[in-house]
Amino acid sequence: MTTETVRHDKGNEESHTEGVRRPGRWLALAALVLAVLLVAVDATVLGLATPFLSEDLKPTGTQLLWIGDVYSFVIAGLLVSMGSLGDRIGRKRLLLVGAAAFGAVSVLNAYATSPEMMIAARALLGVAGATLMPSTLALIRNLFHDPRERSLAIGVWGAMAAAGAAVGPVVGGFLLEHFWWGSVFLINLPVMAVLVVIGVKLIPESKNPNPGPWDLPSVALSLVGMIGVVYAIKELASHGPTVDVAVATLVGAGCLTGFVRRQLTLPAPLLDMRLFRNRGFSGAVLADLLTILGLAGLVFFLSQFFQLVQGCSPLEAGLAELPAAIGSVTAGLLAGRVARRFSVRSVVAGGLAAIGLALAVLTAIGQTTAYPVLGASLLVVGVGAGLAFTVTADVILSSVPKEQAGAASAVSETAYELGAALGIAVLGSIVTGVYRGFPTPLGIPSDVAAAAHDSLGGAVEASSALAPDRAGALVSAAQEAFVDGLRIAAGVGAAVLLATAVAAWFLLRDQKLADGAVEH
């Protein structure tokens, strides 16, 4: 190692390690990706806990929606601001503060005693999560200076991020079968404690040596804009076009437009919008978003399908979705090597096409579809997501100067969160729209019918008050409508993913993960 040339990056004091393979870097990576996995798991694990939480806290329908959504809203709204803050005050410092806060707020979530307390606790967990995600990816760039090692490290990171959505139901299912619902939050404590201990010793500090001020108006515009847009998408899915949706769309779009304009005039912007002029960067962000759209949408609805249509327990449903996690982890670890062997565009376009084809297969799904078909589809989706998401994260991180690593990482994470929200909202609006139109069997009281048309879970719960023959007829009609909606949503998702695969083929032309910087 002593013979390697040591360079300095324009006065950046940390860059004396640039030519050195840092000892303990793989252990440090293990702590970082474990944190990423937990943040991703926390976005999906609550879905399984919702029935137990509802019984205990008795939230209204609106409060229940906010409990489920506010975490993603806050993360999506703060990622860019927190990535930029890490570039300014130090990514390691922000990561360790965020990890400690994430652990502490997890306790608040676990022991919430009212719906209002739970909503506030989930929002605070989102703030802490927003400090973790961009910092982890940006720190990988500082831990691994060899491009091939860095690709493998990003592969591990990407695999954990993509697998989180699929691992959440498994972890949640196991905990809910053995403990109370608060346990899904308390598992965060030991992991965050390990991250802090290892991080203090093994993770190097890194930041922009000439960062400029942290622009608070930009932070506010980004936060309000992202929350407005994500809220509008989710409300549109749940309730169709309403005044609330229109107002949220206008406010969100207006704030994001203001954010972009302000970034173009600031000497030290939170996010350099000129990065999007790079065709490879823009193509990678688009592919990122739609990869997670396909993965999150599929996992979300198959969770309900396994439990409410095929009668699986929470743990069985989680285990049934495990092929998606296995596929994404395996493909993520191999993605960098495959992209160098062939090309970035073939791997990303191929990954997107794989997700699209798997969704296309699900257009033939039925209430009694055998598991091998569903398991194989989930495996293919996982492999496609692992390939596409990992390589796009590598492209995004390698496309920017080292000083902007945090802000660029935040763009990748924002695409992830927005993709998850869009996947559940867009595909969800299709499933919900088809589902709510199912004909009510004769002899069903109007209040039971209204509850049944709200959701499949509502139909199963409402039917318990009916005689067995009527209950069976109601649940059967509801299940059939849900599966019809799932088939149509899968078809739409397949069309979107296949079209994006074609777009990625052209947008990522000439993009390479070479032994040095990305070539254009």
Side-chain angles (χ1 to χ4, degrees), residues 46-69 114-116 118-119 169 172-173 176-177 180-181 234-245 297 300-317 320 365-369 424-490:
L46 194 66
L48 288 173
T50 297
F52 304 92
L53 185 150
S54 299
E55 191 179 323
D56 201 3
L57 301 184
K58 297 181 171 47
T60 64
T62 303
Q63 286 174 329
L64 195 59
L65 280 174
W66 277 104
I67 288 170
D69 293 341
S114 69
E116 294 82 4
M118 189 68 190
I119 292 167
L176 291 168
E177 288 198 3
W180 104 112
W181 61 263
K234 285 181 177 272
E235 282 295 294
L236 186 65
S238 301
H239 307 296
T242 62
V243 174
D244 284 356
V245 170
F300 181 78
F301 290 109
L302 281 184
S303 289
Q304 295 180 60
F305 176 83
F306 284 128
Q307 289 181 80
L308 299 175
V309 176
Q310 296 200 331
C312 295
S313 70
L315 179 57
E316 288 169 342
I365 194 174
Q367 288 169 259
T368 57
T369 298
I424 293 169
V426 174
L427 300 182
S429 64
I430 297 167
V431 174
T432 304
V434 174
Y435 174 80
R436 285 181 175 164
F438 79 86
T440 308
L442 294 174
I444 304 298
S446 58
D447 57 333
V448 174
H453 280 83
D454 193 39
S455 69
L456 180 55
V460 172
E461 190 174 336
S463 69
S464 61
L466 301 175
D469 57 333
R470 288 184 177 177
L474 177 63
V475 170
S476 179
Q479 288 175 336
E480 189 175 336
F482 179 84
V483 173
D484 286 344
L486 187 56
R487 280 197 293 263
I488 295 170

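What you are looking at is a predicted structure, and each value in this text was computed from that prediction instead of being measured.
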* Closest non-hydrogen atom pair, Thr368 against Gln310 -> C-NE2, 4.1 Å
* Determine which pairs satisfy salt bridge (charged side-chain N to carboxylate O under 4.0 Å, His left out) with at least one residue from residues 471-482, sequence neighbours left out, and list them in order. => none
* To do: Quick one: list whatever passes ring-ring contact (aromatic ring centres under 6.0 Å, His included) with Phe482, sequence neighbours left out.
  =>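 Listed in chain order: nothing, the list is empty.
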* List in chain and number order the residues that pass ring-ring contact (aromatic ring centres under 6.0 Å, His included) with Phe306, two or more places apart in sequence or in another chain; answer none if no residue qualifies. => none
* Which residues pass the side chain to side chain contact (heavy atoms under 4.5 Å, CB included) test with Val434, sequence neighbours left out? ->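 Testing Val434 for side chain to side chain contact (heavy atoms under 4.5 Å, CB included), a comparison that skips the adjacent residues, returns Asp484, Ile488.
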For residues 470-479, which side-chain donor-acceptor pairs fall under 3.5 Å, sequence neighbours excluded?
from   : atom 1 : to     : atom 2 : distance (Å)
Arg470 : NH1    : Gly443 : O      : 3.0
Gln479 : NE2    : Leu308 : O      : 2.7

